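When a residue number appears, it is its place in the shown sequence, counting from 1. Since this is a predicted model, take the numbers as computed values, not measurements. These values consider heavy atoms only, across backbone and side chains, with no hydrogens, waters or symmetry-generated copies.
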Amino acid sequence: LNPLGRGGMGVVYRALDRLTGQVVALKQVIVAPQTLAFASRPNTNNTDSLLLSLAQEFRLLASLRHPNIISVLDYGFDAERQPYFTMELLEQSQTLLEAGRNQPLTVQIDLLIQTLQALAYLHRRGILHRDLKPDNVLVSQGRVRLLDFGLSVMRDQDKAGEVSGTLLYMDPEVLKGATPSETADLYAVGVMAYELLVGRHPFQSDNLGTLLIKVLEEDV
């Protein structure tokens, strides 16, 4: 029906499911499939194996049901064999930081608890989010929803390895080339909690290089 936004992995549209009559969010993945990192399985460079693994990953994500996780409704591949998936559409939602700003401490803590409950559900099922940030933690009518879990875009870091995610919320180990783990997701929640409760990033700097040095070398 119309575009809703564009991110590092693809474009999101408001779309009509003609079978159910439901208005949904459709995410079209526009990056090369070889650059995608899976949350629950190793990456592969073989295109046919990659598409099969993507289908398996989508099937897994569509099976998840939790009140604080966005529901993946359907998935498939377009004529160019690029993946897409549909999700429930959240109208008039806010990011975690927007929803919690200037709210009582009890409200802020409740938003963080909901976020952690969703994360615990994913981790118990062997799924890493890999790109937790305020834009991926939306609040609608007081309820948190995690979205954009399961797949992320790999970006070359250096010869030591590859990295996926958003630098502001990336833990030191991943920045150094370590394989992402549950602790990387928890670190991102910690950064968001600090921003929510204190009002700024724990390593705030206008210079990205300075910020990365602070993350790697300094205490909060």
Which pairs count as salt bridge (Lys or Arg N to Asp or Glu O under 4.0 Å) when at least one residue sits in residues 132-143, sequence neighbours excluded? Asp131-Lys133
Going only through I, L, V, M, F, W and Y residues with side-chain contacts under 4.5 Å, is there a path from Leu1 to Leu19? no
Check for me, please, whether Val189 and Leu167 land in the same ILVMFWY cluster - side-chain distances under 4.5 Å, paths through other members count. yes
Quick one: which residue pairs count as a salt bridge (Lys or Arg N to Asp or Glu O under 4.0 Å) with a foot in residues 62-80, not counting sequence neighbours? none
What pair of heavy atoms forms the shortest contact from Pro180 to Leu128, and how long is it? O-CD1, 3.4 Å
For Tyr194 and Arg200, the nearest pair of non-hydrogen atoms, with its separation, is CD2-O, 3.2 Å
Pair up each side-chain donor or acceptor in residues 213-220 with any protein partner under 3.5 Å, not counting sequence neighbours, and list the distances.
unit_1, atom_1, unit_2, atom_2, d
Lys214, NZ, Gln204, O, 3.2

Non-neighbouring partners of Asp206 that pass side-chain contact (heavy atoms from CB on, under 4.5 Å), sequence neighbours left out: none
In the structure I gave you, are the side-chain heavy atoms of Gln82 and Gln28 within less than 4.5 Å of one another anywhere? no
Kindly state each residue pair satisfying salt bridge (Lys or Arg N to Asp or Glu O under 4.0 Å) with at least one member in residues 114-124, sequence neighbours excluded. none
Distance, nearest 0.5 Å, that separates NE2 of His129 from CG of Leu119: 8.0 Å
Taking all atoms of both residues into account, what is the closest heavy-atom pair of Val137 and Thr115, and its distance? CG1-OG1, 3.7 Å
For His66 and Tyr121, indicate whether the former's side chain and the latter's backbone hold a donor-acceptor pair under 3.5 Å. no
Could you check whether any side-chain N or O of Glu88 sits under 3.5 Å from a backbone N or O of Ser71, counting only pairs where one atom can act as donor and the other as acceptor? yes
Smallest heavy-atom separation, Gly21 atom then Leu16 atom, equals O-CD1, 3.6 Å
Nearest atoms (heavy-atom pairs only) where Leu60 meets Ser63: O-OG, 2.6 Å
For Leu73, the other hydrophobic cluster members (4.5 Å side-chain criterion, sorted by chain and number) are Val24
Same hydrophobic cluster for Ile69 and Leu186, using side-chain heavy-atom links shorter than 4.5 Å among ILVMFWY? yes
Hey, could you give me the CG/NE2 distance between Asp185 and His123, rounded to the nearest 0.5 Å? 3.5 Å
From Leu61 atom CG to Tyr75 atom OH, the distance as rounded to the nearest 0.5 Å: 10.0 Å
Can you give me every donor-acceptor pair (side chain of residues 4-12, partner residue at least two apart or in another chain, under 3.5 Å) with its distance?
none

Is there a path of hydrophobic side-chain contacts, each under 4.5 Å between heavy atoms of I, L, V, M, F, W or Y residues, that connects Val198 with Leu211? yes
Could you work out, with side-chain hydrogen bond (donor to acceptor under 3.5 Å, both in side chains) as the rule, every residue matching Ser181, not counting sequence neighbours? Thr183
Does the pair Val139 and Leu111 meet the rule for a side chain to side chain contact (heavy atoms under 4.5 Å, CB included), with working shown? CA-CA 8 Å; Val139 181; Leu111 294 175; 4.0 Å; yes
Which pairs of donor and acceptor atoms, one on a side chain in residues 94-109, lie under 3.5 Å apart (sequence neighbours left out)?
unit_1, atom_1, unit_2, atom_2, d
Thr95, OG1, Glu98, N, 3.2
Glu98, OE1, Thr95, N, 3.0
Gln108, NE2, Gly100, O, 3.0

Quick check: are there more than 12 heavy atoms from other residues, nucleotides or ligands sitting under 6.0 Å from CD of Gln141? no
Can you list the residues that meet the side-chain hydrogen bond (donor to acceptor under 3.5 Å, both in side chains) rule with Asn136, with sequence neighbours excluded? none
Which residues pass the side-chain hydrogen bond (donor to acceptor under 3.5 Å, both in side chains) test with Ser140, sequence neighbours left out? none
Rounded to the nearest 0.5 Å, how far does CG of Leu89 lie from CD1 of Ile70? 8.0 Å
Interatomic distance, CD@Gln117 vs CG@Leu146, rounded to 0.5 Å, equals 11.5 Å
Shortest non-hydrogen contact from Ala15 to Leu26? CB-CB, 4.0 Å
With Tyr169 via side-chain hydrogen bond (donor to acceptor under 3.5 Å, both in side chains) - residues at least two apart: Glu195
With rounding to the nearest 0.5 Å, note down the distance linking CE in Met192 to CG in Leu132. 5.0 Å
